[in-house]
Amino acid sequence: MSNDETIGWSLKNSYMKLPQTFYEETHPEPALHPHLVAFNETLAQSLGLDAQQLKESEGIAVLSGSRIPEKSQSIAQAYAGHQFGHFTMLGDGRAVLLGEQITPAGERFDIQLKGAGRTTFSRGGDGRAALGPMLREYIISEAMHALGIPTTRGLAVVKTGLPVHRERPLQGAVLIRVAASHIRVGTFQYAAAREASDELKKLADYVIDRHYPEVKDAENPYHELFRHVIDRQASLVAKWQLVGFIHGVMNTDNMTISGETIDYGPCAFMDTYDPKTVFSSIDQQGRYAYQNQPGIAEWNLARFAETLLPLFHDDTERAVDIAQDLLATFASRFHRYWMKGMRNKLGLSNERQEDRDLIKDLLQLMEHHQADFTNTFRSLTLESFTDEALFEAEDFAHWRKRLEERRAQQSESIKTVRELMRQHNPAVIPRNHRVEEALAAAEQEEWAPFHQLMQTLKKPYAYSDDQKAYICPSSSTVPYRTFCGT
Ligand code: AMP
Ligand code: MG
């Protein structure tokens with residue numbers, strides 16, 4: 001048996017069965033002095049990889065891009081995208097797909113090296129990534145996973161020993177990203193822009209095979225494909241809203257067809273509840289602000305629908321009608337998921353007409369009293385009301401009475417209510433200052449804050465004592481800003 005086989009690599013390249021225009025064969029650039037700095041042992045195991053061997057030099061050689069596992073072919077994927085509303089041809093400019101790992105359970109996951117050097121799609125970029133942004137993606141994506149939100153994952157971060165030149169020289173690193181696939185709305189836009197309908201159909205069929213096999217036998221599988229993607233995105237964005245996650249760069253190339261959250265560039269979690277919150281330094285119009293996320297998801301799905309029109313119907317007008325009818329279901333799907341999530345957050349297990357107002361009024365109070373989003377729900381869960389001006393307010397006392405009256409309309413015991421709330425209100429989220437603190441220390445080879453943070457974020461619903469140190473938002477009055485990390 002080869003080393004790769006004993007490590008557990010079982011990489012396939014089904015994506016290469018698509019027409020050649022969808023990818024370029026390429027190789028990662030080898031690292032100079034690869035050094036493993038973050039490693040996801042449980043994820044490795046679930047992928048069928050031997051964690052111990054992966055951490056040794058043969059394993060790290062693969063993770064760092066110095067060596068391709070046997071029988072695998074590495075590629076960069078082509079895609080396009082609307083970036084802040086403007087259409088561009090893009091492609092993996094700094095990511096190389098090693099292949100698709102088949103897990104012992106028979107599942108298929110893309111293994112991608114992000115920051116592994118230039119590809120034909122790099123345009124002016126250097127194809128590299130700095131340690132901070134790769135660790136940031138690793139932290140936040142694992143936090144999202146622990147929160148129960150579909151997401152790409154981080155298998156490892158490896159320092160390359162090569163500098164990357166940004167405003168100042170930074171340490172280079174590669175993130176090993178694991179995804180159900182990296183097929184995006186932008187992949188379909190790429191196919192549509194080429195105006196080769198056979199290529200588009202092949203892509204759609206591939207996606208159905210890989211992600212939505214249940215629609216294969218439908219009368220028109222492409223209508224069903226669109227319906228399923230709408231539903232997954234409605235569910236996903238509702239989950240973001242329910243924990244205060246702001247993606248920050250919801251370009252169509254950053255929206256997956258699988259329904260996983262992807263691309264943790266300028267994302268961040270909201271502290272004080274304000275629907276207009278935006279962290280990204282490049283999003284000056286607030287296009288991707290918290291309150292705009294559902295609308296933007298719908299806008300992106302409209303771009304997806306445009307690419308699918310030739311598959312919807314031969315008659316373009318009929319095709320547009322079909323697309324519009326399906327797209328019109330997004331808002332109600334989103335609302336349903338969001339309402340269900342909000343009821344869970346308030347410990348409501350049945351539905352009542354007045355729930356909408358009850359929820360809306362709480363959010364309004366939170367905004368008015370500048371309450372912390374996560375901690376308000378944490379306090380409601382614990383029924384311990386300190387630390388927020390909101391809790392001192394008379395209008396909040398009145399609102400709580402309404403909640404109590406509403407709860408009287410269900411038969412659940414208080415114990416069950418509390419349990420429901422605990423399962424839906426995280427006690428901890430990756431607080432921005434805690435993430436920054438861990439990253440700054442890691443730059444200096446001080447890894448304790450990073451490991452402690454990861455440990456805490458692993459069980460966001462645990463409500464354990466050791467998490468208490470991580471619940472406070474930053475006391476800084478300077479607004480938090482995020483950058484794309486390129
Ligand atoms: P992102 O903002 O990460 O979604 O990236 C948008 C596009 O820019 C994608 O096509 C990336 O591959 C490309 N890109 C980002 N950073 C770099 C870089 N340092 N070198 C080359 N291409 C990059
Ligand atoms: Mg991207």
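We count ligands from 1, going down the list as the structure has it; atoms in each ligand are counted the same way. What you see is a predicted model, and the numbers here were worked out from it, not measured in a lab. Keep in mind that the numbers below use all heavy atoms, side chains included, and drop hydrogens, waters and symmetry copies.
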Look at the rings of Phe304 and Phe188 and say which category their plane angle falls in: under 30° parallel, 30 to 60° tilted, over 60° perpendicular.
perpendicular

Which ligand 1 atoms, with their elements, are less than 4.0 angstrom from a heavy-atom of Gly91?
9 (C), 10 (O), 12 (O)

Enumerated ligand 1 atoms positioned under 4.0 Å from heavy atoms of Asn254:
4 (O)

Before signing off on this row, confirm whether Gly93 and ligand 1 have an N or O atom pair separated by under 3.5 Å.
yes

Honestly, for Arg184 the part within reach of ligand 1 (heavy atoms, under 4.0 Å) is neither

Please confirm whether Met89 approaches ligand 1 to less than 4.0 Å, judged on its heavy atoms.
no

Taking 4.0 angstrom as the limit and counting only heavy atoms of Gly125, give me the atoms of ligand 1 inside it, by number and element.
20 (N), 21 (C)

Show me which atoms of ligand 1 lie under 4.0 Å from any heavy atom of Arg123.
7 (C), 8 (O), 10 (O), 13 (C)

Taking only heavy atoms of Arg166 into account, list the atoms of ligand 1 that are under 4.0 Å away from them.
19 (N)

Counting from 1 in the order shown, the ligand 1 atoms closer than 4.0 Å to a non-hydrogen atom of Asp263 are 1 (P), 3 (O), 4 (O)

N or O pair under 3.5 Å between Gln83 and ligand 1
no

Heavy-atom pair with the smallest gap, counting every atom of Met255 and Ile262
N-CG2, 4.3 Å

Between Tyr15 and Tyr206, is the gap from one ring center to the other below 6.0 Å?
yes

State whether Arg303 and Asp253 are salt-bridged, where the test is any N-O pair (Lys NZ or Arg NE/NH1/NH2 against Asp/Glu carboxylate O) under 4.0 Å.
no

CA sep, side-chain torsions, deciding dist, call: Glu224, Lys216, salt bridge (Lys or Arg N to Asp or Glu O under 4.0 Å):
CA-CA 9 Å; Glu224 291 310 306; Lys216 224 187 276 183; over 6 Å; no

Quick one: CG on Leu453 to NE2 on His451, what's the gap to the nearest 0.5 Å?
11.0 Å

Under a 4.0 Å N-O cut-off, is there an ion pair linking Asp205 with Lys201?
yes

Looking only at heavy atoms of Arg118, does any of them come nearer than 4.0 Å to an atom of ligand 1?
no

I'd like to know whether the aromatic ring centres of Phe373 and Phe377 sit less than 6.0 Å apart in this structure.
yes

Between Phe330 and Phe334, how do the two ring planes meet: parallel, tilted or perpendicular, split at 30° and 60°?
parallel

Looking at CG of Leu327 and CD1 of Ile322, how far apart are the two atoms once the value is rounded to the nearest 0.5 Å?
13.5 Å

At under 4.0 Å between heavy atoms, is it the side chain or the backbone of Tyr79 that contacts ligand 1, or both, or neither?
side chain

Around the Mg ion (ligand 2), list the protein N/O/S atoms within a radius below 2.8 Å, excluding water molecules.
Asn254 OD1, Asp263 OD2

How does Asp126 reach ligand 1, if at all, at less than 4.0 Å between non-hydrogen atoms: by side chain, backbone, both, or neither?
both

Hey, can you tell me if His247 and Trp240 have their rings parallel, tilted or perpendicular (30° and 60° cut-offs)?
parallel

I'd like to check which ligand 1 atoms, numbered from 1 as shown, lie under 4.0 Å from a non-hydrogen atom of Asp253.
4 (O)

Side chain to side chain contact (heavy atoms under 4.5 Å, CB included) test vs Gln112 passes for just one of Leu175, Ile75, Leu97, Ile176, namely Leu97

Which of the atoms of ligand 1 are close to Gly127, meaning less than 4.0 Å from one of its heavy atoms?
18 (C), 19 (N), 20 (N), 21 (C)

Do you see a donor-acceptor pair shorter than 3.5 Å between the side chains of Tyr337 and Arg333?
no

